[in-house]
Amino acid sequence: MPRLAAGPKAYVDALCVDGSMRLREWIEIGAELRLDGLEFYTRFLELQRPGEPEAGRRCAAEHGLEIPMLCASPDFTHPDTEFRQRQIDEQKRANDLCAALGGRYCGVLSGQRRAVLSRDDGLRYAAEGIEACLPHAATCGVTLVLENHYKDDYWTHREFVQKGDDFCELVQRIDSPYFGVNFDPSNALLAGEEPLELLRRVKDRVVTMHASDRYVAEGTLDDLRRQESSAGYARRLRHGVLGRGLNDYDAIFGELAGVGFDGWISVEDGVIGIDELRESVRFLRHMIAVHWPARQ
């Protein structure tokens with residue numbers, strides 16, 4: 001049966017930029033929500049100090065939590081060879097960090113969609129970058145999970161494989177037991193695509209999931225896609241309680257249950273407040289019980 005974690009979507013700057021939230025506070029939120037685990041991010045300020053990853057792991061364990069997933073954002077699509085090699089080295093350090101935290105899944109991305117880059121070169125650079133990290137991931141006991149992402153919070157350009165065809169081609173190029181997909185239905189909406197259609201194309205490769213829900217505050221999805229900025233998320237788009245937005249979680253979970261998915265689901269909510277995150281956790285618990293009843 002899938003287990004439930006949460007990502008720090010609402011607290012990224014507080015944990016990664018100004019330090020206004022301590023790691024222990026994030027862990028205490030996870031315990032208060034009675035989650036099974038928490039997702040961490042390589043940029044957490046406290047994780048940059050020696051010994052802190054192990055301390056974070058101990059703190060989480062004291063609160064009955066695992067740290068199964070680590071978010072990382074390598075940028076493999078830069079045209080400069082030396083830059084790409086540095087990204088490979090950074091991803092290997094992320095693999096080490098994931099293992100130190102007790103995690104099994106480390107995020108990986110293709111890179112940014114720069115105007116100077118052709119589709120063929122971008123896919124080739126991304127595949128080469130990921131494949132270069134896989135032997136090291138194997139030694140760490142870590143699986144690299146590629147998300148159908150929109151963009152990292154601190155990137156300028158969008159994800160190179162934001163579109164489903166590009167994403168699926170990159171996934172198909174990489175054949176390893178230490179590689180899989182982290183599926184995010186909301187990001188498919190941002191790409192102008194139907195989440196279920198993308199899921200059906202990659203569902204056999206999905207090992208983890210990000211669960212969020214989105215609303216168009218005004219206008220239509222087409223308006224949103226025309227007006228959003230490459231430097232940030234569209235103002236028309238809003239996070240909200242899971243099950244009340246544009247994603248059909250009944251159908252999504254039906255697809256995943258049908259292929260025997262039993263990985264971690266990490267909820268991305270709480271941007272508008274902890275109460276909404278609490279409601280989203282409650283919704284996901286119910287949906288897991290509905291679609292995986294034999295394992296209760």
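Reckoned from all heavy atoms, side chains included, excluding hydrogens, waters and symmetry mates. It should be emphasised that the depicted structure is a prediction, and the values quoted were computed from it without experimental measurement.
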Asks: For Asp175, is the CG atom crowded, meaning more than 12 foreign heavy atoms sit under 6.0 Å from it?
Replies: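 No, because the 6.0 Å sphere around CG of Asp175 holds 12 heavy atoms or fewer from other groups.
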Asks: Would you give the length of the straight line joining atom NZ of Lys203 to atom CZ of Arg200, rounded to the nearest 0.5 angstrom?
Replies: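 Between Lys203 NZ and Arg200 CZ, I get 7.0 Å after rounding to 0.5 Å.
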Asks: Do the non-hydrogen side-chain atoms of Leu70 and Leu97 ever get within less than 4.5 Å of each other?
Replies: yes
Asks: For His286, which residues count as a side chain to side chain contact (heavy atoms under 4.5 Å, CB included) partner, sequence neighbours excluded?
Replies: Val290
Asks: What's the shortest heavy-atom distance between Gln91 and Cys106, and which atoms?
Replies: NE2-SG, 3.5 Å
Asks: Please test Arg285 against Asp36 for salt bridge (charged side-chain N to carboxylate O under 4.0 Å, His left out), starting from the C-alpha separation and ending with a verdict.
Replies: CA-CA 11 Å; Arg285 290 282 189 207; Asp36 303 304; 3.2 Å; yes
Asks: Say you draw a straight line from CD of Glu32 to CG of Leu277; how long is it, rounded to the nearest 0.5 Å?
Replies: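 One gets 9.0 Å once the value is rounded to the nearest 0.5 Å.
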Asks: Assess the residue pair Leu146 and Val171 against the criterion (side-chain contact (heavy atoms from CB on, under 4.5 Å)); give the C-alpha distance rounded to whole Å, side-chain angles, the decisive distance to 0.1 Å, and a yes or no.
Replies: CA-CA 8 Å; Leu146 178 70; Val171 169; 4.0 Å; yes
Asks: Between Ala6 and Leu35, which heavy-atom pair has the shortest distance, and what is it?
Replies: CB-CD1, 3.5 Å
Asks: Flag yes if Val161 and Leu117 sit in one hydrophobic cluster, no otherwise; membership is Ile, Leu, Val, Met, Phe, Trp, Tyr, and two members link when side-chain heavy atoms are under 4.5 Å apart.
Replies: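 Yes, Val161 and Leu117 fall within the same hydrophobic cluster.
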Asks: With Ala127, which residues qualify under side chain to side chain contact (heavy atoms under 4.5 Å, CB included), at least two apart?
Replies: Leu170, Arg173
Asks: Is the closest side-chain heavy-atom distance between Cys71 and Glu39 below 4.5 Å?
Replies: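 A side-chain contact exists here, since the closest heavy-atom pair is under 4.5 Å.
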Asks: What distance separates Arg278 CZ from Asp269 CG, expressed to the nearest 0.5 Å?
Replies: 11.5 Å
Asks: Does Gln162 reach the side chain of Asn148, with side-chain heavy atoms less than 4.5 Å apart?
Replies: no
Asks: Where is the tightest heavy-atom contact between Val142 and Gly103, given as atom of each residue plus distance?
Replies: CG2-O, 4.0 Å
Asks: Checking Leu190 against Arg214 for the side-chain contact (heavy atoms from CB on, under 4.5 Å) test, could you report, in this order, the C-alpha distance in whole Å, the side-chain angles of both residues, the deciding distance, and whether it holds?
Replies: CA-CA 10 Å; Leu190 279 174; Arg214 305 293 180 91; 3.7 Å; yes
Asks: Please evaluate residues Ile265 and Ile288 with respect to the criterion side-chain contact (heavy atoms from CB on, under 4.5 Å), reporting the C-alpha separation (whole Å), side-chain torsions for both, the decisive distance (0.1 Å), and the verdict.
Replies: CA-CA 10 Å; Ile265 299 172; Ile288 289 172; 4.3 Å; yes
Asks: One thing to verify: whether Glu159 and Lys151 come together as a salt bridge, which I'm taking to mean a side-chain N less than 4.0 angstrom from a carboxylate O.
Replies: no
Asks: Is any side-chain N of the basic residue among Arg3 and Glu66 closer than 4.0 Å to the acidic one's carboxylate O?
Replies: yes
Asks: Using modelled atom types only, decide if a donor and an acceptor are shared between the side chain of Glu46 and the backbone of Leu23 within a distance under 3.5 Å.
Replies: yes
Asks: Does Val145 reach the side chain of Val206, with side-chain heavy atoms less than 4.5 Å apart?
Replies: no
Asks: Rounded at 0.5 Å granularity, tell me how far CZ in Phe40 sits from CH2 in Trp26.
Replies: 8.5 Å
Asks: Is there a side-chain contact between Met1 and Asp262 in this structure, where contact means two heavy atoms from C-beta onward sitting under 4.5 Å apart?
Replies: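 Contact flag for Met1/Asp262 side chains = no.
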Asks: With rounding to the nearest 0.5 angstrom, report the CG to OG distance, Leu144 to Ser176.
Replies: 8.0 Å
Asks: Check whether Asp213 reaches the backbone of Gly243 with its side chain - one donor and one acceptor, N or O, closer than 3.5 Å.
Replies: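 Flag set: sc Asp213 to bb Gly243 pair under 3.5 Å.
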Asks: I'd like a table of donor-acceptor pairs (distance under 3.5 Å, sequence neighbours excluded) in which one partner is a side-chain atom from residues 53-65, with atom names and distances.
Replies:
residue: Arg57; atom: NH1; partner: Ala100; partner atom: O; Å: 3.4
residue: His63; atom: ND1; partner: Cys59; partner atom: O; Å: 2.9

Asks: If hydrophobic clusters are built by linking Ile, Leu, Val, Met, Phe, Trp and Tyr wherever their side-chain heavy atoms come under 4.5 Å apart, do Trp264 and Val281 end up in the same one?
Replies: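 No; tracing contacts between hydrophobic side chains, which count when under 4.5 Å, never links both residues.
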Asks: When rounded to the nearest 0.5 angstrom, what is the spacing between NZ in Lys163 and CG in Leu198?
Replies: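 Answer rounded to 0.5 Å: 11.5 Å.
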Asks: Are the side chains of Met209 and Val181 in touch, meaning some heavy atoms are under 4.5 Å apart?
Replies: no
Asks: Does Phe261 reach the side chain of Trp292, with side-chain heavy atoms less than 4.5 Å apart?
Replies: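 Yes. Closest side-chain heavy atoms under 4.5 Å.
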Asks: Looking just at side-chain N and O atoms, do Asp250 and His291 make a donor-acceptor pair shorter than 3.5 Å?
Replies: yes
Asks: Is a donor from one side chain sitting under 3.5 angstrom from an acceptor on the other, for Asn247 and Ser186?
Replies: yes
Asks: Is Val259 reachable from Phe179 through a run of I, L, V, M, F, W or Y residues, each pair having side-chain heavy atoms under 4.5 Å apart?
Replies: no
Asks: Give a yes or no answer on whether the side chain of Gln48 reaches the backbone of Phe44 with a donor-acceptor pair at less than 3.5 Å.
Replies: yes
Asks: Do Glu147 and Asn187 have a side chain donor and acceptor closer than 3.5 Å?
Replies: yes
Asks: Quick check on the hydrophobic clustering: are Leu256 and Met69 connected, directly or via other members, by side-chain heavy-atom contacts under 4.5 Å?
Replies: no
Asks: Counting only heavy atoms from other residues, nucleotides and ligands, does the tally under 6.0 Å from OH of Tyr178 exceed 12?
Replies: no
Asks: Can you run down the ring-ring contact (aromatic ring centres under 6.0 Å, His included) pairs that involve residues 78-106, sequence neighbours left out, and say none if there aren't any?
Replies: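 Only His78-Phe83 qualify under ring-ring contact (aromatic ring centres under 6.0 Å, His included).
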Asks: Does any N or O in the side chain of Ser266 come within less than 3.5 Å of the main-chain N or O of His210, such that one atom is a donor and the other an acceptor?
Replies: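 The answer is no, because no donor-acceptor pair under 3.5 Å joins these two groups.
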Asks: Would you say Ile88 ends up clustered with Val108 if hydrophobic residues are merged whenever their side chains have heavy atoms under 4.5 Å apart, either directly or through other cluster members?
Replies: yes
Asks: In terms of side-chain geometry, is the basic nitrogen of Arg22 or Glu25 positioned less than 4.0 Å from the acidic oxygen of its partner?
Replies: no
Asks: Any idea which heavy atoms bring Gly240 and Ser280 closest together, and the distance?
Replies: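 Scanning both residues completely, I find the closest heavy atoms to be O-OG, 4.2 Å.
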Asks: Name all residues meeting the side chain to side chain contact (heavy atoms under 4.5 Å, CB included) criterion together with Arg43; count only those two or more places apart in sequence or in a different chain, and write none if there are none.
Replies: Cys16, Tyr41, Asp152, Tyr154
Asks: According to salt bridge (Lys or Arg N to Asp or Glu O under 4.0 Å), does anything in residues 112-128 pair up with another residue at least two apart or in another chain? List the pairs.
Replies: Asp75-Arg114, Arg113-Asp166, Arg119-Asp166, Arg119-Glu169, Asp121-Arg124, Arg124-Glu128
Asks: Quick one, Thr208 and Phe183 - any side-chain contact, counting heavy atoms below 4.5 Å?
Replies: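 No; the side chains remain at least 4.5 Å from each other.
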Asks: Just do the side-chain contact (heavy atoms from CB on, under 4.5 Å) check on Cys140 and Asp96 with the steps written out, would you?
Replies: CA-CA 7 Å; Cys140 294; Asp96 289 331; 3.4 Å; yes
Asks: Does a side chain donor of either Gln112 or Thr77 reach within less than 3.5 Å of an acceptor in the other side chain?
Replies: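 Note: Gln112 and Thr77 side chains miss the donor-acceptor criterion.
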Asks: Checking Arg84 against Tyr125: charged group under 6.0 Å from the ring centre and within 45 degrees of the axis?
Replies: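 Arg84 over Tyr125 ring: yes.
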